[in-house]
Amino acid sequence: MFSYIKHLGEHVGAEVTVRGWLYNKRSSGKIRFLVVRDGTGLVQCVLAKGDVSDEVFDRHDKLNQESSLQVTGVIRADTRAPGGYELTVTGLEIVQIAEEYPITPKEHGVDYLMNLRHLWLRSSRQHAIMRVRNEVIMAIRQYFYERDYILIDTPILTGSVGESGQTLFATEYFDLGNAYLAQTGQLYAEAGAMAFGKVYCFGPTFRAEKSKTRRHLTEFWMMEPEVAFNDNNDNMDLQEEMICYIVAWVLNKSRAELQVLERDIAKLEQVKKPFPRVSYDEAVEKLRASGESDIKYGDDFGGDDETVLTNMYDRPILVYNYPRKVKAFYMKQHPERADLVLCNDMLAPEGYGEIIGGSQREEDPEKLIARIKEENLPLDAYKWYLDLRRFGSVPHSGFGLGLERTVAWMCGIHHIRETIPFARTIGRIYP
Ligand code: 4AD
Ligand code: MG
């Protein structure tokens with residue numbers, strides 16, 4: 001009978017076969033130990049001389065790290081064993097003897113490991129991070145599914161700038177000029193919201209970011225809900241509720257992984273509503289009063305400013321109503337303060353920075369056209385987007401959650417390159 005390691009507990013006393021790779025091995029007198037991984041867990045397999053043929057017993061010596069194999073044996077409960085069960089070997093088949101494995105338990109530099117990312121993914125730390133990522137994605141999808149949002153998959157090849165001309169990847173598109181890799185699905189999600197009321201998109205997005213920071217990738221995943229008739233406050237309420245849901249889900253499902261990552265769980269348990277709401281104006285005052293930032297009124301926050309600001313709180317904060325000049329063209333102008341837009345960023349605690357950017361959208365076609373012109377964007381490419389303001393325009397709002405930054409925060413890891421299976425940064429396209 002075959003079993004994944006995760007399900008060995010259902011087969012105590014029975015003989016089962018496990019298929020996987022050698023994680024570790026050792027010897028002690030007439031006993032040989034193999035720790036096998038199959039992606040769902042680890043199990044220690046015990047070979048005793050005399051219990052198996054000498055030929056099978058000697059196969060232990062030939063196996064090195066990451067050799068692929070198939071082990072058959074009887075399952076015993078053993079609280080001291082990793083995973084809680086041990087396998088007493090009755091049979092051992094070698095699938096392949098691996099070449100000398102380049103990643104060993106000793107310390108390696110990050111660059112060395114990133115070049116071996118295709119193999120590094122096999123390590124227990126990477127397993128923990130990818131499992132947390134999987135749970136964050138499941139939490140998001142479930143959250144929106146339970147609330148009747150429709151998933152709208154937005155295109156990756158687009159004809160218009162979504163966020164800013166400075167960070168566009170362009171490619172030739174047959175006879176039609178340039179196409180761009182989507183920086184956001186938002187503009188299309190807005191069309192979705194006018195069709196279905198509440199929608200979200202969730203896919204890869206691209207930024208030709210020149211910034212080499214621990215928070216920037218050139219390809220990252222973004223989840224973007226868009227809701228008709230929501231104003232900027234409704235939008236912040238939604239963010240707050242969704243983040244609490246995700247954090248609770250991860251605390252519930254990913255305890256073991258958070259332990260592997262040595263995450264301080266108490267910090268995540270503090271993430272409860274309400275999140276402090278701080279206007280941009282107040283945030284600048286607080287930063288200047290702190291003496292740790294030289295921000296000028298009207299500037300966007302840098303990563304360091306965000307860290308100083310969020311260190312004043314024990315949970316995520318919502319900074320709202322930024323100057324129009326530092327934000328994208330589609331944001332709705334503040335009704336009393338023409339220099340501001342109705343928007344917000346959510347800044348995560350513990351220095352994880354901006355995990356969400358959102359806003360109410362400009363629904364007045366004249367104001368929107370003026371902003372498109374002001375940004376020197378080609379009006380033609382936005383004709384369809386302007387149609388949304390001509391045929392039953394309504395107030396609407398939405399936001400984008402950066403998946404990798406959220407996973408980094410959940411896991412408590414410094415750099416986001418480990419939160420995506422194959423990171424793309426300014427200096428990396430391999431493997
Ligand atoms: O603030 P941003 O640029 O907002 C938008 O793209 C809007 N269109 C979203 C919307 O309203 N529908 O990006 C949203 C989030 C950021 O808060 C951040 O978490 C993440 O996406 N992000 C990045 N993550 C990794 N690497 C980068 N280069 C990122 N740029 C943005
Ligand atoms: Mg932003």
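Only this structure's heavy atoms are used, side chains among them; waters, hydrogens and symmetry mates stay out. As the structure lists them, so they are numbered: ligands from 1, and atoms in each ligand from 1.
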Checking a contact table here: which protein heavy atom is nearest [atom], and how many Å away?
{"atom": "atom 26 (N) of ligand 1", "answer": "L217 N, 3.0 Å"}
{"atom": "atom 14 (C) of ligand 1", "answer": "M222 SD, 3.4 Å"}
{"atom": "atom 5 (C) of ligand 1", "answer": "E163 OE2, 3.3 Å"}
{"atom": "atom 15 (C) of ligand 1", "answer": "G400 O, 3.6 Å"}
{"atom": "atom 12 (N) of ligand 1", "answer": "E224 OE1, 2.7 Å"}
{"atom": "atom 1 (O) of ligand 1", "answer": "E354 OE2, 3.0 Å"}
{"atom": "atom 30 (N) of ligand 1", "answer": "F220 CZ, 3.4 Å"}

Which atom of V271 lies closest to which atom of P316, heavy atoms considered =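 Residues V271 and P316, closest heavy atoms: CG1-CD, 4.0 Å.
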request  = Identify the two heavy atoms, one from A408 and one from Y352, that lie closest to each other, and give their separation to 0.1 Å.
outcome  =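 Nearest heavy atoms, A408 then Y352: O-CE2, 3.6 Å.
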task = Specify side chain, backbone, both or neither for R405, according to which of its non-hydrogen atoms lie closer than 4.0 Å to ligand 1.
result =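 Contact part for R405 vs ligand 1: side chain (C-beta onward).
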query = What do we get for R361 next to ligand 1 when only non-hydrogen atoms under 4.0 Å count, side chain, backbone, both or neither?
reply =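 Looking at R361 and ligand 1, just side chain atoms fall under 4.0 Å.
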key: F220 and F206 aromatic centres sub-6.0 Å   =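 For F220 and F206, the ring centres are not under 6.0 Å apart.
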Does [X] count as lying over the ring of [Y], i.e. NZ or CZ under 6.0 Å from the six-ring centre, within 45 degrees of the axis?
{"X": "R371", "Y": "F329", "answer": "no"}
{"X": "R141", "Y": "Y143", "answer": "no"}
{"X": "R277", "Y": "Y320", "answer": "no"}

Taking only heavy atoms of [X], which atoms of ligand 1 are found under 4.0 Å from at least one of them?
{"X": "Y330", "value": "7 (C), 8 (N)"}
{"X": "E209", "value": "28 (N)"}
{"X": "G402", "value": "15 (C), 19 (O), 20 (C), 21 (O)"}
{"X": "I356", "value": "17 (O)"}
{"X": "I355", "value": "17 (O), 19 (O)"}
{"X": "R215", "value": "25 (C), 26 (N)"}
{"X": "G357", "value": "1 (O), 9 (C), 10 (C), 11 (O), 17 (O)"}

query = Is there any N or O on R207 that sits under 3.5 Å from an N or O of ligand 1?
reply =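 R207 vs ligand 1: N/O contact under 3.5 Å present.
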N or O contact, Q183 vs ligand 1, cut-off under 3.5 Å =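 Among all N and O atoms of Q183, none is under 3.5 Å from an N or O of ligand 1.
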inquiry  = Closer than 4.0 angstrom, basic N to acidic O: yes or no for E262 and R125?
reply    =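 So E262 does not pair with R125 through a salt bridge.
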inquiry  = Less than 4.0 angstrom from a charged side-chain N to a carboxylate O is my criterion; do R131 and E135 meet it?
reply    =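 Salt bridge: no.
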key: Criterion ring pair (Phe, Tyr, Trp, His ring centres under 6.0 Å) against F144, the qualifying member of F202, Y149, F196   =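 The residue from F202, Y149, F196 that satisfies ring pair (Phe, Tyr, Trp, His ring centres under 6.0 Å) with F144 turns out to be Y149.
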Among L268, V250, V136, side chain to side chain contact (heavy atoms under 4.5 Å, CB included) partner for W409 =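 The option that passes is L268.
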inquiry  = Just by distance, no angles: are the side chains of S279 and D281 close enough, under 3.5 Å, to form a donor-acceptor pair?
reply    =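 No, because no side-chain N or O of S279 sits under 3.5 Å from a partner of the opposite role on D281.
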query = Distance below 2.8 Å from the Mg ion (ligand 2): how many protein N/O/S atoms qualify?
reply =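 Protein N, O or S neighbours of the Mg ion (ligand 2) under 2.8 Å, waters not counted, come to 1.
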key: Enclosure of F169 CZ (heavy-atom neighbours >12, cutoff 6.0 Å)   =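 Yes, the 6.0 Å shell around CZ holds more than 12 heavy atoms from other groups.
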request  = For the pair E224 and Q186, evaluate side-chain hydrogen bond (donor to acceptor under 3.5 Å, both in side chains) and give the outcome as yes or no after the intermediate values.
outcome  = CA-CA 7 Å; E224 300 177 86; Q186 177 200 320; over 6 Å; no
query = Does at least one non-hydrogen atom of H216 fall below 4.0 angstrom from an atom of ligand 1?
reply =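 So H216 counts as touching ligand 1.
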key: Min side-chain heavy-atom separation L22-E66 under 4.5 Å   =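 They are not in side-chain contact.
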query = Of Q333, H334, E374, which is the lone residue that meets side-chain hydrogen bond (donor to acceptor under 3.5 Å, both in side chains) with R324?
reply =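 That would be E374.
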